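Working notes, beginning with the structure itself.
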Number of protein chains: 2
Amino acid sequence: MQGKDVVLGLLNQRDMSGYEIKDVFETQLKFFFDGTFGMIYPILRKLEKEGLIQKKHVVQDLKPNKNVYSITDLGKKEFKTYLNSKTVEETFKSDFLMRMYFGQELDRDKMISFIKQEIERKKTNLSELTDNYERWTNNGMNSFQEITFMYGIAYYKSEIKVLNEALEKLDGQD
Amino acid sequence: MQGKDVVLGLLNQRDMSGYEIKDVFETQLKFFFDGTFGMIYPILRKLEKEGLIQKKHVVQDLKPNKNVYSITDLGKKEFKTYLNSKTVEETFKSDFLMRMYFGQELDRDKMISFIKQEIERKKTNLSELTDNYERWTNNGMNSFQEITFMYGIAYYKSEIKVLNEALEKLDGQD
DNA sequence: GCTGCCATGTAAGATGTTACATGATTGT
DNA sequence: ACAATCATGTAACATCTTACATGGCAGC
């Protein structure tokens, strides 16, 4: 599962420009995948070269022109192959937990401020995710896609709770 | 936060060989960072070249010889710099959620089997994490390090619950 | 003889990040 | 003027993954 597969999957749903793809990444896939322009455009070029997608130049009146990509039959086949491949294990990398792990090096107040910062960060993430969920619900979403949101919301809520409990426990040790 | 910082952090705690570092990655950091030999050994070589760590060849009797690394003053300084740098946002990548998102392509049974597989996967991960937590508790662990485990355990438990609920809901739709 | 654990490494390639670079249009 | 949004891209670099390659020692 790489950027390539995700882009192909999106174009398998409907035609899009690189800019639009970035937008879907931000509003719908952000919790479990992130893509940047520096990644999306090179992927589009590569997929086109391989004949998996096709470019159409679209002239616009009120906005700058754009390149809209559509998936080819070859691309559809390739995406199906991905969908039927073995699911790879998720990856998670946390700088915050790293600091918790190596915390003995720092003083207690610094550590507590790290935790408070992380709680705030997660609260922000949660409200963004909730907003995107609500916005998308109105545009049609199937029960499986809904799971991706439930999953993310449960994650943030449960970690906010854990971190608050940790703070309380640390307070009790004074 | 990269492999380099983690390796430096571990050697900041005590001297270790590449093989031992891998073991700590597996048993203590696995939830929020993963390292492979193909990553660890090149990092050790690089850090040594930069003068941040030092190699000692240790001849062993009952086991193959090994290279034990220790951190230098320069390395300690470098690690402190990392600890005081701004925490970067966590990253999460999930192939499972990807399939949930693009699920309309597949038939319902296949999707349900993906969910069941993922629940099993998470149950296994949870029990491994719990085992490592218990094993480590007996070897001394501070309250901040404990947070890294609480965080992971909460994650797995809450996602297992979400996925089970999703399954029930899907059953109700028959 | 085989398996499992201990132990170290390389080389090639894929992948992704960061920073830079450009420019139109719309609204304030 | 200026900021925001729309729109596309490159080049250099850092990083990591995968696969390969080797070999000692212990116990069955």
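In what follows, chains carry the letters A, B, and so on, assigned in the order in which the sequence lines appear, proteins first and then strands, with residues in each chain numbered from 1. Model, not experiment: these values are computed from the prediction.
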Pairwise N/O distances under 3.5 Å, protein to nucleotides 24-28 of chain D:
{"residue": "dC25(D)", "atom": "O3'", "partner": "Leu62(B)", "partner atom": "O", "Å": "2.9"}

Tabulate protein N/O versus nucleotide N/O from nucleotides 10-14 of chain D, keeping only pairs under 3.5 Å, one per line.
{"residue": "dT10(D)", "atom": "OP2", "partner": "Arg45(A)", "partner atom": "NE", "Å": "3.3"}

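Within 6.0 Å of CD in Gln54(B) there are 12 or fewer heavy atoms belonging to other residues, nucleotides or ligands.
Phe33(A) comes within 4.0 angstrom of no nucleic acid atom, judged by non-hydrogen atoms across all strands.
Phosphate contact (OP1/OP2 of dG23(C), side-chain N/O of Asn65(A), threshold under 4.0 Å): absent.
Atom CD1 of Ile43(B) and atom P of dT8(C) are 15 Å apart (whole Å). As a whole-Å value, the separation of Lys22(B) NZ from dT17(D) P is 11 Å. Here the C1' atom of nucleotide dC16(D) and the NZ atom of Lys4(B) are 16 Å apart, to the nearest Å. Spacing between atom CD1 of Ile21(A) and atom P of dC6(D) amounts to 15 Å, rounded to whole angstrom units. Residue Asp34(A) contributes atom CG, which lies 13 Å from atom C1' of dT15(C) at whole-angstrom precision. Across the protein-nucleic acid pair, Lys56(B) atom NZ and dA7(C) atom C1' stand 18 Å apart, rounded to whole Å. Between Asp95(B) atom CG and dT17(D) atom C1' the separation is 16 Å, expressed in whole Å. For the pair Lys46(B) NZ and dG9(C) P, the interatomic distance rounds to 17 Å; values are reported in whole Å.
Listed by residue number, the members of residues 11-20 of chain B with any heavy atom below 4.0 angstrom from DNA chain C are Ser17(B), Gly18(B), Tyr19(B). Contacts between residues 23-32 of chain A and DNA chain D, defined by a heavy-atom separation under 4.0 Å, are absent.
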**OP:** Show the numbers, then the answer: is there a ring pair (Phe, Tyr, Trp, His ring centres under 6.0 Å) between Phe31(B) and Phe92(A)?
**Re:** CA-CA 7 Å; Phe31(B) 178 68; Phe92(A) 176 65; 5.2 Å; yes
**OP:** Kindly indicate, with the supporting measurements, whether the criterion ring pair (Phe, Tyr, Trp, His ring centres under 6.0 Å) is fulfilled by Phe102(A) and Tyr82(B).
**Re:** CA-CA 11 Å; Phe102(A) 290 111; Tyr82(B) 158 70; 7.7 Å; no
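Annotation: side chain to side chain donor-acceptor pair (under 3.5 Å) contacts of Arg135(B) (sequence neighbours excluded): Asn132(B).
Contact of the Phe25(B) side chain with the Val6(B) side chain is registered, since non-hydrogen atoms from C-beta on lie closer than 4.5 Å. Side-chain atoms of Val162(B) and Tyr155(A), non-hydrogen and from C-beta on, never get closer than 4.5 Å to each other. Contact annotation: the side chain of Ile115(B) approaches that of Met100(B) to within less than 4.5 Å [non-hydrogen atoms, C-beta and beyond]. Taking the side chain as every heavy atom from C-beta outward, Val7(A) and Ile53(A) never approach each other to under 4.5 Å.
Counting only residues at least two apart or in different chains, salt bridge (charged side-chain N to carboxylate O under 4.0 Å, His left out) contacts with residues 21-37 of chain B comprise Lys22(B)-Glu26(B), Lys30(B)-Glu128(B). Applying the ring-ring contact (aromatic ring centres under 6.0 Å, His included) test to pairs two or more places apart or on separate chains, those with a residue in residues 41-63 of chain A are Phe37(A)-Tyr41(A). Under the salt bridge (charged side-chain N to carboxylate O under 4.0 Å, His left out) criterion, the residue pairs touching residues 92-106 of chain B are Asp95(B)-Arg99(B), with sequence neighbours excluded.
Taken over five-pair windows at either terminus, the axes of the helix from dG1(C)-dC28(D) to dT28(C)-dA1(D) are inclined to one another by 30° (rounded to 10 degrees).
In plain terms, the two heavy atoms of Leu106(A) and Met111(A) that are nearest each other are CD1-SD, 4.1 Å.
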Taking only distance into account, with no hydrogens and no angle test, what donor-acceptor pairs under 3.5 Å do side-chain atoms of residues 142-149 of chain B form with protein atoms, sequence neighbours excluded?
{"residue": "Asn142(B)", "atom": "OD1", "partner": "Phe144(B)", "partner atom": "N", "Å": "2.9"}
{"residue": "Asn142(B)", "atom": "OD1", "partner": "Gln145(B)", "partner atom": "N", "Å": "2.8"}
{"residue": "Gln145(B)", "atom": "OE1", "partner": "Asn142(B)", "partner atom": "N", "Å": "3.2"}
{"residue": "Gln145(B)", "atom": "NE2", "partner": "Tyr101(A)", "partner atom": "O", "Å": "3.0"}
{"residue": "Glu146(B)", "atom": "OE2", "partner": "Tyr133(B)", "partner atom": "OH", "Å": "2.8"}
{"residue": "Thr148(B)", "atom": "OG1", "partner": "Gln145(B)", "partner atom": "O", "Å": "2.6"}

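Under the 4.5 angstrom side-chain criterion for Ile, Leu, Val, Met, Phe, Trp and Tyr, Leu62(A) has no cluster partners at all. Grouping Ile, Leu, Val, Met, Phe, Trp and Tyr by side-chain contacts under 4.5 Å, direct or through others, puts Val58(A) with Val68(A).
In this structure, the side chain of Asn164(B) engages the main chain of Ile160(B) through a donor-acceptor pair within 3.5 Å. Ser94(A) places no side-chain N or O within 3.5 Å of a backbone atom of Phe32(B) that could act as its donor or acceptor partner.
The nucleotide whose nearest atom lies closest to any side-chain atom of Lys93(A) is, among dG9(D), dT8(C), dC16(D), dC16(D).
Each of Val68(B) and Thr36(A) was matched to the nucleotide of DNA chain C holding its nearest heavy atom; the match closer to the 5' end belongs to Val68(B).
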